[in-house]
Number of protein chains: 2
Amino acid sequence: MPVQSPTVGRRRPKDRKDRIAQVAAELFCERGYHGVSLEEIAAVVGISAPAVYRHYENKYAILVAATRELVAATLNATDVVGFDAMLDAFAAVAVTHRKTVGLYQWEWRYLTEEHRREFGDDLGRLLHRVAEPLAAARPALSPADAEALARAALSVFGSLGTHRAVIAKGRAEQVLRRAAAAVLATEPPTPAAVPAAVTPPPVRVGGRREILLAESIRLFRRRGYHAVNIEDIGRAAGINASSVYRYFPGKGDILAAAFYRASERVTEATAVALNGAADGADALHRMAESYVELTFERSDLVSVYLAENNNLPEADRHELRKVQRLHVEEWVRLVVAVRPGLAASEARVLTHAALNLVADLGRWVRFDRRTAMDRHLVRLIEVVLWS
Amino acid sequence: MPVQSPTVGRRRPKDRKDRIAQVAAELFCERGYHGVSLEEIAAVVGISAPAVYRHYENKYAILVAATRELVAATLNATDVVGFDAMLDAFAAVAVTHRKTVGLYQWEWRYLTEEHRREFGDDLGRLLHRVAEPLAAARPALSPADAEALARAALSVFGSLGTHRAVIAKGRAEQVLRRAAAAVLATEPPTPAAVPAAVTPPPVRVGGRREILLAESIRLFRRRGYHAVNIEDIGRAAGINASSVYRYFPGKGDILAAAFYRASERVTEATAVALNGAADGADALHRMAESYVELTFERSDLVSVYLAENNNLPEADRHELRKVQRLHVEEWVRLVVAVRPGLAASEARVLTHAALNLVADLGRWVRFDRRTAMDRHLVRLIEVVLWS
DNA sequence: TGAATAAGTTAACCATGATTCGCGGCCAGG
DNA sequence: CCTGGCCGCGAATCATGGTTAACTTATTCA
């Protein structure tokens, strides 16, 4: 276990700085940048909060360092010869850094424009590491397509950080490896001839409460729950901050309302999809279709649903997590039914990979290419689940 | 008493914002910007510290507002017709705003470059209000000379904020009024033909401790005691912050050491001056000469001595204040001896005015005009004390 | 009169600054 | 030779302060 270092018993170890970043990275992934206090980080490390300032200029600097460290570790570990070896390395990194890989997923939102650019560049480098040999191996792929597939593959690897489903490390490595390979073997998205009549930005105006909820969801998605305050929400809805409390008992309840809304939509979509399914494979296909559609139709809502699981008020957390888990288990049930040889734990990892992939690529794709991506994502889901 | 407002008994009065600035101004003058916490200001006002943020963006904004308010009040009160009436108005402002007039003296150091410029402009406006009619009344004066005399007059008015000598308001007003008038009637500084061989910056290098003390004094003078931290001091002396404690038990003790040093110099100069004096008037003259010389020779030291009286550790404060008071009393003794009709309280106010004048103009004058100002200041001291 | 706003409060949290502690290097004296 | 104190430093702590955010209460206004 190279990650943990024996700080107990020794006074003032030399790796304090790295250790702080390590601890912070894990905590940030667990509860989000704003959900972790400096004092907590320090406590885990075994020092007082102000002592952290001997090593980092401020809290933000820790986030930057942690992000850099993860990126460097990934870049370093995957700097190997051979395409297969590289994919192995990616899988291995995902597994060993499972607790911190979430930084790739959400926490970059809190980076400065400057650091976001830096991070984006490094991410692009990782992407090219996959896309380039892929393009070489499949000359039919356009560079953009190769990159899109590479992005999907990285999303598969990154998915391990988004959940805590129990699985042996070796197994996880193999499963992710296979899924990523399958993704990379998929046909690229075929651009739709017609730009398709996408539903214009829904200007749904309900009551004040509904407006508040909608605006909150949009803000939560863009900046993250903790970075949005009641004043922002009020302003977005055109009222004073204190008036928000006329409609919601507290900030947490707004998030909870969003989650209930999201879980309703998801279960509804699931039910509709399963209703007229001919067999297991058909059910999976319809599930994929409806899930992708939901993701595009209500992208803000789904993003928040996936990102802000922590931050939920304790009271609602359990129930909502249960619903989320049930949704995943619905997929798992279908997958194991269709692939009898597959262990449930593996199916679970694959499901998370598939769902994560939809979220990541859905966020990435430009709106005018939506319908093309739509069909592509359905295919990718199936490819992952059957891998 | 228009300044105080009856906040007691009423809930949520309308003048909260002004009241905060008012309270803050007084506290800032009493103990310095950094010596006053927001919580303290809030407590005096009768609210909690965070509530202050409903009225001001941050602590600094209060300083700016307080400064602006004082300047505006002064500009407003002295916007009258007639030179004599205007001087009366200045005296009245000094008396009524005695507790906050110290903002003019020291606290502008903590202003941003931008606000310092704004403050400087307003100060210049006040200056012109005196200088212009003065130049009209005394055509022999060059514009620069008129401005210098006006500055001296304002310094006289401002001196009331630098001490707490007890005196009836009406008396103080008269005394200041007369002193300022006397200053304005003085001959301007005659520029010395020879730039005079000023002593080059004294590169006195003693032990580490001596270097530390010297650098601390220089820093304290430039930025103020609270704005200088141990690290700055250490860096200026070329050692690590923690090493400072090898030479001084604490930060306060450095300031105390500076004060002991200053009081030694002052009493020494006083003793030398009084030693060979022929009579009272001669003694006063020699006192003035030696004090002015000291101010120029050790300008940093004297500035700190005058500015950082608060901030002294409780232990040394009393003794050092006593020495300072004794020094003033030495002047007062001489003045009343020479002018039997003058009350001691008035002599005290005049002495403070004279000393403050030296500090202000000494700080203002460019180095190349030093010798001219030298003689001029001696004359001004005498003019004030004899007014 | 009731909804909306202004102005408060409490409880964090990040950050700073003064101060302490222990270690290591250097140098004089036994 | 080695040894003890002086020095210097890095790393820690404690106390405190400014600031923010969620939530509440008083006041205003249509």
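No experiment lies behind these values; they were computed from the predicted model shown. No hydrogens, no waters, no symmetry mates; every other heavy atom, side chains included, goes into these values. A note on names: the letters A, B, ... follow the listed sequences, proteins ahead of strands, and every chain is numbered from 1.
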Nearest-neighbour nucleotide for the A/Glu39 side chain, D/dA12, D/dC7, C/dC13 considered: C/dC13
Pair B/Arg109 + B/Glu308: basic N to acidic O under 4.0 Å: yes
Phosphate-side-chain proximity, B/Arg16 and C/dA6, N/O vs OP1/OP2 below 4.0 Å: no
Nucleotide nearest B/Lys251 when distance is taken to its side chain, options D/dA22, C/dC14, C/dT19: C/dT19
Side-chain N or O of B/His34 closer than 4.0 Å to phosphate OP1/OP2 of C/dT16: no
Phosphate OP1/OP2 of D/dT20 contacted by A/Asn229 side-chain N/O (<4.0 Å): no
Rounded distance in Å - CG (A/Asn58) to C1' (C/dC13): 13 Å
For atom CG of B/Asn240 and atom P of D/dA11, their distance in whole Å: 10 Å
Under 3.5 Å side-chain donor-acceptor pair for A/Asn310 and A/Glu30: no
N or O in side chain of B/His55 less than 4.0 angstrom from C/dG8 OP1/OP2: yes
Check: C/dA6 base within 3.5 Å donor-acceptor of A/Ser242 side chain: yes
Ring centres under 6.0 angstrom apart (B/Tyr225, B/His34): no
B/Glu40 and B/Arg31, any side-chain heavy atoms less than 4.5 Å apart: yes
Test: A/Asp232 and A/Arg223 ion pair at under 4.0 Å: yes
Atom-pair distance (NZ on A/Lys59; P on C/dA15), nearest Å: 8 Å
Closest to side chain of B/Arg246, choosing from C/dA15, D/dA12, D/dC9: D/dC9
Minimum-distance nucleotide (side-chain atoms of B/Ser243 versus C/dA18, D/dG8, D/dG18): D/dG8
B/Tyr53 side chain near C/dA7 phosphate (N/O to OP1/OP2, under 4.0 Å): no
Closest-nucleotide 5' rank along DNA chain D - winner of B/Glu57 and A/Ile47: A/Ile47
Spacing between B/Ile230 atom CD1 and C/dT19 atom P, to the nearest angstrom: 6 Å
Nucleotide of D/dA12, D/dC14, C/dA4 approaching A/Arg208 most closely (side-chain heavy atoms): C/dA4
N or O in side chain of A/Ser48 less than 4.0 angstrom from D/dA12 OP1/OP2: no
